[in-house]
Number of protein chains: 2
Amino acid sequence: MTHVQHAFPAVGGENLSASESEQAWSDFTQMQGCHLIELRSHEAIYYDGDPASRVYEVVEGAVMLYKLLPDGRRQVVDILKSNDLFGYPADDIYDCSAESLTGATIRSMDRAQVESRAQLQFHLNRGLRRQLQDLHEHTVLLGRKSAFERVASFLMRFVPNRGGNGCAGPRGKKDDWDIVLAMTRQEIADFLGLTIETVSRVLSEMKRRELIRIEKQDRIYMRRVCDICKHTGIH
Amino acid sequence: MTHVQHAFPAVGGENLSASESEQAWSDFTQMQGCHLIELRSHEAIYYDGDPASRVYEVVEGAVMLYKLLPDGRRQVVDILKSNDLFGYPADDIYDCSAESLTGATIRSMDRAQVESRAQLQFHLNRGLRRQLQDLHEHTVLLGRKSAFERVASFLMRFVPNRGGNGCAGPRGKKDDWDIVLAMTRQEIADFLGLTIETVSRVLSEMKRRELIRIEKQDRIYMRRVCDICKHTGIH
DNA sequence: CGCGCCCTTGACCAGACTCAATATTAGTGG
DNA sequence: CCACTAATATTGAGTCTGGTCAAGGGCGCG
């Protein structure tokens, strides 16, 4: 598969000691009934309501979770990156549908096996808490941000170590960045709670203001990352 | 404190065996540096950005988590009920502010103690996954539902075992219900991603259509629960 | 009784949606 | 490599939902 800048760059397990982290890792990979699955772009992994007998982890690539309303409205509730766990609901049926966004490798694990490993729980726990925090952030976006702010925030997710609270600022004089969305306008719209037309209009407006250049639809060049960041609503 | 119908009625730990559940419980209560705090309505517990040295659990009452944008926009990202854990971020600072919504009792625990108990991790884990699912549901509300649908969905949270997938349906001929919001219009608006005026208008519209009666501002009588439910967008 | 806080209502406005036409891109086969 | 097609994206015009601003009402509490 092609190299892609993911929307949610993986962060290291700083709060986990090296030995804990390693232990958790080997538990994962050596577990019984655990195997890797290679997916092409836009392949279904499971559907909302299916019995949840297997738990998954993104090894490489990106996966989206979405929910549908009966009249067809769709909301992408999360976009998962490497090391993210998914398909592990509180009860025994999946609460969302899951689909690969890019070409991806995922690890499929037997749920009973996962639940039988005590050491693994610390690891899962931390992953869940990180996802919860990401979702809190997204809640603010959906509840309180304008279309322009939503798209700006979305673009900033593709720039590692920028935006958010611990923003490093521009490293030198140059502060440009190139990203590959790896999502259609429809998927972006469904993630940001907008329509495809609004997403398109905002991107065009950003282009007009020379904040970005659009190359081949899903390749976006950001002239100055800081200028985009100023429009995310968090400054 | 007064008796209140909570927005998120506690659900039992069906997937946890009785012994596991009991073990986790006794771990909680007998833990060192663990104590109960009684709160009046609308008392701050901690603020976004504070160092996260203590983890909390709602024992009784309701607690809200919220985030602020620098220009003052507020989003209530979660409303917690009995048995919900909070104040346990992936890193070492709180990612939200926490405040009691009603009079409440919370359990304050030393984070290091919490993290040292292996058996506790299963318990925490399950709680986190349930919160994640609730947040997925809320994401759909914020991203894809109309003002009317949001308020209807909000009201349905106060009715136990109704709405959602496993809806029991009306038990007999009568299908009415009385609820106490225990939230101001502003808090409801900040939770639903609306303005106070819109919330007020939708409630008035529901009154006009005789779907509800409003008694004393935060007491709402639902004539037929099913009629409200039809407007949540999930049917 | 009167003050203050919250809630409701109205008039107007704006941002985002809908519907429709056109443009661009990616994919396919000659 | 090019032509053709299907899918996706852009743009425009008009509408509508929900936001803004402002005035008035209700309720609790001292």
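Quick note on labels: first sequence line is chain A, next is B, and so on, each numbered from 1.
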**Arg162(A)/Asp175(A) salt bridge by N-O under 4.0 Å criterion** =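 Salt bridge present between Asp175(A) and Arg162(A).
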Set of side chain to side chain contact (heavy atoms under 4.5 Å, CB included) partners for [X], sequence neighbours left out:
X         : result
Glu99(A)  : His42(A), Met64(A), Tyr66(A)
Leu211(B) : Phe148(B), Met206(B), Arg209(B), Asp227(B), Ile228(B), His231(B)
Leu69(B)  : Val140(A), Arg144(A), Lys145(A), Ile234(A), Asp71(B), Arg73(B)
Ile196(A) : Arg185(A), Gln186(A)

Atom-to-atom span, [atom1] of [X] to [atom2] of [N] - whole angstrom:
X         : N       : atom1 : atom2 : value
Ile214(A) : dT8(D)  : CD1   : P     : 18 Å
Ile196(B) : dG25(D) : CD1   : P     : 18 Å
His42(A)  : dT8(D)  : NE2   : C1'   : 12 Å
Glu215(B) : dC27(D) : CD    : C1'   : 16 Å
Glu187(A) : dT8(D)  : CD    : P     : 9 Å

**Prompt:** Along DNA chain C, 5' to 3', what are the outermost nucleotides having an atom less than 4.0 Å from a heavy atom of chain B?
**Reply:**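 Listing 5' to 3', DNA chain C meets chain B from dC7(C) to dA11(C).
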**Item:** Residues that Asp176(B) engages under salt bridge (Lys or Arg N to Asp or Glu O under 4.0 Å), provided they are two or more places apart
**Value:**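 Lys174(B).
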**Item:** Partners meeting salt bridge (Lys or Arg N to Asp or Glu O under 4.0 Å) with Arg213(B) (sequence neighbours left out)
**Value:**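 For Arg213(B) the salt bridge (Lys or Arg N to Asp or Glu O under 4.0 Å) partners, ignoring immediate neighbours, are Glu215(B).
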**Message:** Suppose we screen for ring-ring contact (aromatic ring centres under 6.0 Å, His included). Which residues come up paired with Phe86(A), at least two apart in sequence or across chains?
**Reply:**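 By the ring-ring contact (aromatic ring centres under 6.0 Å, His included) rule, Phe86(A) matches Tyr56(A).
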**Asked** Excluding sequence neighbours, so at least two apart, what forms ring-ring contact (aromatic ring centres under 6.0 Å, His included) with Tyr88(B)?
**Response**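 Tyr88(B) satisfies ring-ring contact (aromatic ring centres under 6.0 Å, His included) with no residue once adjacent residues are dropped.
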**Request:** Identify whether any heavy atom of Thr184(A) sits under 4.0 Å from a base atom; if not, whether one sits that close to sugar-phosphate; answer base, sugar-phosphate or nothing.
**Result:**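 Sugar-phosphate: the residue Thr184(A), judged by heavy atoms under 4.0 Å, touches backbone atoms but no base.
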**Prompt:** Once you build an axis from the first five pairs and another from the last five of the helix from dC1(C)-dG30(D) to dG30(C)-dC1(D), how far apart in angle are they, to 10 degrees?
**Reply:**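 Answer for the end axes of this duplex: 40°.
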**Message:** Under the salt bridge (charged side-chain N to carboxylate O under 4.0 Å, His left out) definition, can you give me all pairs with a residue in residues 191-201 of chain B, not counting sequence neighbours?
**Reply:**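 Those involving residues 191-201 of chain B do not exist here.
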**Message:** Each nucleotide in nucleotides 17-23 of chain D should get exactly one letter: B, S or -. Can you fill that in based on protein heavy atoms under 4.0 Å?
**Reply:** -SSBB--
**Message:** Using heavy-atom distances to pick each residue's nearest nucleotide on DNA chain C, tell me which of Gln217(A) and Val202(A) is more 5'.
**Reply:**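 Counting from the 5' end, the first nearest nucleotide belongs to Val202(A).
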**Request:** With the side chain counted from C-beta on, respond yes when Ile106(A) and Val63(A) share a heavy-atom pair under 4.5 Å apart, and no when they do not.
**Result:**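 When only atoms from C-beta onward are counted, Val63(A) and Ile106(A) do touch, with a gap below 4.5 Å.
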